There are 2 protein chains.
Amino acid sequence: MSDLKISEKTVTLVDHVESKLFKFITSRKLRVGDAIPNENELAEALGVSRSVLREALSRLRMLGVIESRTRRGMVLCEPNMFGGFQRVINPLILGDESLINLLGFRIALELGICSAIIDNITDDDIAELDDIVKRGPAVDLNFYKAESEYEFHSKLYEVTGNQSIIQFQELVYPVTQFVHNKFRDYFEPINRKLIRNGQIVTHDDILHFIKNRDKEGLKTAMERHFEPYNRFLTVKRTVTGDRSIAVSKKKTKTR
Amino acid sequence: MSDLKISEKTVTLVDHVESKLFKFITSRKLRVGDAIPNENELAEALGVSRSVLREALSRLRMLGVIESRTRRGMVLCEPNMFGGFQRVINPLILGDESLINLLGFRIALELGICSAIIDNITDDDIAELDDIVKRGPAVDLNFYKAESEYEFHSKLYEVTGNQSIIQFQELVYPVTQFVHNKFRDYFEPINRKLIRNGQIVTHDDILHFIKNRDKEGLKTAMERHFEPYNRFLTVKRTVTGDRSIAVSKKKTKTR
DNA sequence: AAATACAAATTTGTAATACAAATCTGATAT
DNA sequence: ATATCAGATTTGTATTACAAATTTGTATTT
């Protein structure tokens, strides 16, 4: 026998039942609104007690896959795809590494919507952005007032018209603020340096390119706007020597 | 009284307890590995039966927020942020609108990592990409063999070194394939037209820009590579007239 | 015959009890 | 001091019971 006994993750009956319920739903091609057999039937069919079945059902209910009303029984629903995500995106639950990855995720996503922004934006949208920029000028070192910062970026996401992107941004945005505050000491010198060199790109600059419908300009401006974060991410990687990065860095980076 | 009685979503005790458990964890600033009071204590403290408590705990267990081993009790864990997401990202569970939004999400993300790819890519990575491209040439109409297609894009994500991005891609990728198959009738004419006009951008083209470390070139190439999908997304929006889009289109789009 | 009122049955939500399995603790014996 | 064994603790599972809500069916009345 092995002498290591790490993380004896016992797979419980509830885990199995949960999985079987998902299979039940998908294999029968049930559609939203379809009824699901009542608890006693299900428990009997799966050969488990009602307690175990209900623990599994409770999970599906949390995800929004099913809903139940007394007497009417249970029905299949279309879940919000970020329902579970929402519950764990919390700096007090996630570790620093995950949070930093999320920050990188958000930045990539925001760079990626630049093109769609130019394609979709209306004059009304631009007027709104103008308003937001005027109401919340840069306070210090590329740090905007929190509300203005949020409004500006949120508005950009809104312009894509993609509900999944919008919702994701809403959930992840607070993480940006958290990382910013927690690692303030990293950001400040980076920002000072960028300011000295006149390399800071403000919301005003970004808006300028949007007004001109200048796709390439917007992409570049956005990338520069996130420069402090990117530098931070690079610093963090080399400093903490985190494993996931180390793996991909193992390979020779020449040239 | 109102005559509509839509979706009388009853908030159950389990819902409350779930929420209280999250609050318990965050308010006490518990860290990964910290013990959690045993079930009887918790049930008593929250004033509910052990059954209700366990239904709530079952949800946290599913998300990976807690783990429990017999006798040792329960401990706090760092959840995989996409644990819940993973369970519902399934074309048989999600509706078409959500799937199409997800496709748009993935494309935006992939456009957004272009810059990071050039910054991080090593010669070894390029050799691997070269291999993938050689092994799986375009079969027909910009449709690669499924495995090659997956390998190529996966490799690009891998280069970012961002675990959250990598995992997200792995979960969402199948959706691309699904949408592609389901709406094949939309894609084919679009592809034919692009091919006629010589506007198709292949993996080979993309790799070319990567080899030259040409950031701007890569971005443009990638955008063109996704052109069929973008046209599809535009068509879908105007055809289905989906509400979420309609809202953002309500505003006058002049110029 | 129709409409109203009332009773019964069904289904989920909650509680309580019981016991098995696993494993940590401590005591006892050598 | 070490080894062994019994007991206690904690989660996993099953069972029973009942409350609440709502649909369905029945009966009564006009």
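In what follows, every chain begins at residue 1, and chains take the letters A, B, ... in the order their sequences are listed. For clarity, every value in this text was computed on a predicted model and none was experimentally measured.
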Rounded to whole Å, the CD1-P distance (A/I36 to C/dT10) equals 21 Å

**Message:** Need one value for B/S51: base, sugar-phosphate or nothing, where a base atom within 4.0 Å counts as base even if backbone is also close, heavy atoms only.
**Reply:** base

note: A/E39, atom CD; C/dT14, atom C1'; distance rounded to Å ~ 11 Å

If you take atom types as modelled and just measure distance, does the side chain of A/R69 reach the base of C/dG13 with a donor-acceptor pair under 3.5 Å?
no

Winner on side-chain proximity to B/R54, out of D/dA14, D/dG12, C/dT14, is D/dG12

| message | Counting the benzene-type ring for Trp, do B/Y157 and B/F168 have ring centres under 6.0 Å apart? | response | no

When rounded to whole Å, the CG to P distance for the pair A/L53 and D/dT15 reads 13 Å

Report task. Give a yes or no on whether a salt bridge exists between B/R28 and B/D34, defined as a side-chain N under 4.0 angstrom from a carboxylate O. Result -> no

Taking C/dG13, D/dA14, C/dT14 as options, the one with an atom nearest any side-chain atom of A/V48 is D/dA14

Judged by nearest nucleotide, the residue sitting upstream toward the 5' end of DNA chain D, A/V52 or A/R71, is A/V52

note: A/E55, atom CD; C/dT12, atom C1'; distance rounded to Å ~ 16 Å

B/N40 has its side chain closest, among C/dG13, D/dT11, D/dT13, to D/dT11

Tell me what B/R72 touches on the nucleic acid: a base, only sugar-phosphate, or nothing, going by heavy atoms under 4.0 Å. nothing

Winner on side-chain proximity to B/N38, out of C/dG13, D/dT10, D/dT13, is D/dT10

Closest to the side chain of A/L13, out of D/dT11, D/dT13, D/dA17, is D/dT13

Residues B/V17 and B/A56: closest non-hydrogen pair is CG1-CB, 3.6 Å

task = Verify the distance criterion only: is there a donor paired with an acceptor across the side chains of B/D15 and B/T12 at less than 3.5 Å?
result = yes

C/dG13 phosphate, OP1 or OP2, under 4.0 Å from A/S68 side-chain N/O: yes

